[in-house]
Number of protein chains: 2
Amino acid sequence: MSKTDKREEIVRAALELIAENGFHAAPMALIAERAKVGAGTIYRYFANKDVLISELYQELEQRLYPVILENYVENKPIRERFLRLFTDLIRYFIANPLDFRYLEQFHNSPYGTEYRRDKILGKREGCDVFRNLFEDGISQQVVKDLPLVILFDLAFGPIQAVTRDHILGFVTLDEAMVSRTIEACWDGIKR
Amino acid sequence: MSKTDKREEIVRAALELIAENGFHAAPMALIAERAKVGAGTIYRYFANKDVLISELYQELEQRLYPVILENYVENKPIRERFLRLFTDLIRYFIANPLDFRYLEQFHNSPYGTEYRRDKILGKREGCDVFRNLFEDGISQQVVKDLPLVILFDLAFGPIQAVTRDHILGFVTLDEAMVSRTIEACWDGIKR
DNA sequence: GTAAAAGGAATGAACGTTCATTCCTTTTGA
DNA sequence: TCAAAAGGAATGAACGTTCATTCCTTTTAC
């Protein structure tokens, strides 16, 4: 096994364990076991568990962005851009439930709160498409004139909730249901 | 200090610690210290930590329900009932941020997922006002004909998100902003 | 071409710490 | 005086992390 393979195996094992049952269910020894690697080996690639968790988060973000931007076109009507962006977002998460569950765990942990604070205070560059979309929407008067944070919550809140419920099996999001759900989100933020 | 006082102190200490920094930041020894009680005393009132956590959750639910039902009237238009219910819900959480943060922590833990599964599968009786409201809305054709779970997510998703962001100081929810946010939620679920 | 030597990646047993829980002593209240 | 309640030190399991050692690859020397 090559060097990068080992790193990948560690990251994959951590993703699986944490996504499936949360941080508390992923001791380093278990991550090592699932990655088929010695416990000490993890520390050749990551300084400690916090670093592993944070780097994994960043990797997932970096995988996600290009995919949802692939079909996104800036100079289209706001509504169309919104539907496209959020449809592709839900599709990505449905196709990659481990990624979704991991991001969720991360956001609901002290790591995530800190991260969010940095993003909102502008200390960290995020995926600016969303911000641009909402700002354009406000200035074109097709989106409600509410604080950006609230618009984000109105859009991402339901998306996160329905995706979680689909992955947990509480509801089935087929293409039609995804579409109707995102239309409903749009109804919430549009003027 | 009377017997019930001690129990209350333990519950209060646990609520504070867990709400402020999550389960991992609330070891039994610290709960005991903050409650001004011996570590062993906790076990006279709760069989173990899981029981303490679950009973505290149920207590918070039991405190919440009467408050949001206080001004709720069944035979009013759906829209009015929706606005009243969710406004009172947000107000309660803003007035009781520890309760909100605790419920959030609980819901985002394995306890919470299990709990939610039981509720959705009907194994546990919940606050049926919400279900009745949405079902009435659908049958009166004023609410979108979507699965109940999705309607819940469309309504509770944003509410949870904005409340969290208010409590974390990312936005300020004054009365006007609460009202506009809940109107936006209504726009999302109404036909 | 081959054997010896070096380098460094990988290992997992061992360590110190933290935690939930238990157990035994002390205090309380009737 | 005694049973119940409270206290907190003791316990052992679980955890993240370290480090002496092994193992494997690459380099060196002839």
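First the proteins, then the strands, lettered A, B, ... as listed; each starts at 1.
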Task: Whole-Å distance separating the NZ atom of A:K6 from the P atom of C:dG8 - done: 18 Å

Task: Letter per nucleotide, 5' to 3', of nucleotides 19-26 of chain C [B base touched, S only sugar-phosphate touched, - untouched; heavy atoms, 4.0 Å] - done: SSBB----

Task: Pairing of B:K6 and B:E9 as salt bridge, 4.0 angstrom limit - done: no

Open item on the list: Once salt bridge (charged side-chain N to carboxylate O under 4.0 Å, His left out) is applied, what residue pairs with a partner in residues 101-111 of chain A remain, sequence neighbours excluded?
Closed with: A:R101-A:E104

Open item on the list: Need the bend value for the helix from C:dG1-D:dC30 to C:dA30-D:dT1: angle between end axes, 5 pairs each end, nearest 10°.
Closed with: 10°

Identify all side-chain donor-acceptor contacts of residues 19-34 of chain B below 3.5 Å with residues at least two apart in sequence or on another chain.
unit_1: B:H24; atom_1: NE2; unit_2: B:N21; atom_2: O; d: 3.0
unit_1: B:R34; atom_1: NH1; unit_2: B:E16; atom_2: OE1; d: 2.7

Open item on the list: Among residues 10-18 of chain A, which ones have heavy-atom contacts with DNA chain D below 4.0 Å?
Closed with: none

May I have the list of side-chain donor-acceptor pairs in residues 170-180 of chain B shorter than 3.5 Å, sequence neighbours left out?
unit_1: B:D174; atom_1: OD1; unit_2: B:A176; atom_2: N; d: 3.3
unit_1: B:D174; atom_1: OD1; unit_2: B:M177; atom_2: N; d: 2.8
unit_1: B:E175; atom_1: OE1; unit_2: B:R91; atom_2: NH2; d: 2.9
unit_1: B:E175; atom_1: OE2; unit_2: B:R91; atom_2: NE; d: 3.1
unit_1: B:R180; atom_1: NH2; unit_2: A:D145; atom_2: O; d: 2.5

Open item on the list: Among residues at least two apart in sequence or on other chains, which ones pass ring-ring contact (aromatic ring centres under 6.0 Å, His included) with B:F86?
Closed with: B:F82, B:F130, B:F156

Open item on the list: In whole Å, I'd like the distance from the OH atom of B:Y45 to the C1' atom of D:dG7.
Closed with: 12 Å

- [ ] Could you pull out all residues at least two apart from B:D99 that satisfy salt bridge (charged side-chain N to carboxylate O under 4.0 Å, His left out)?
- [x] B:R63

Task: Nucleotide D:dA6, atom P - distance to CG of B:D5 in whole Å - done: 11 Å

Open item on the list: The criterion is salt bridge (charged side-chain N to carboxylate O under 4.0 Å, His left out); which residues satisfy it with B:K144, sequence neighbours excluded?
Closed with: A:D187

Task: For B:N71, all residues meeting side chain to side chain contact (heavy atoms under 4.5 Å, CB included), sequence neighbours excluded - done: B:R84, B:D88

- [ ] Taking salt bridge (charged side-chain N to carboxylate O under 4.0 Å, His left out) as the test, write out the residues that go with A:E114, two or more places apart.
- [x] none

Open item on the list: Show me the pairs that pass side-chain hydrogen bond (donor to acceptor under 3.5 Å, both in side chains) and involve residues 126-139 of chain B, at least two apart or across chains.
Closed with: B:R81-B:D136

Task: Rounded interatomic separation in angstrom, taking CZ from B:R44 and C1' from C:dT27 - done: 13 Å

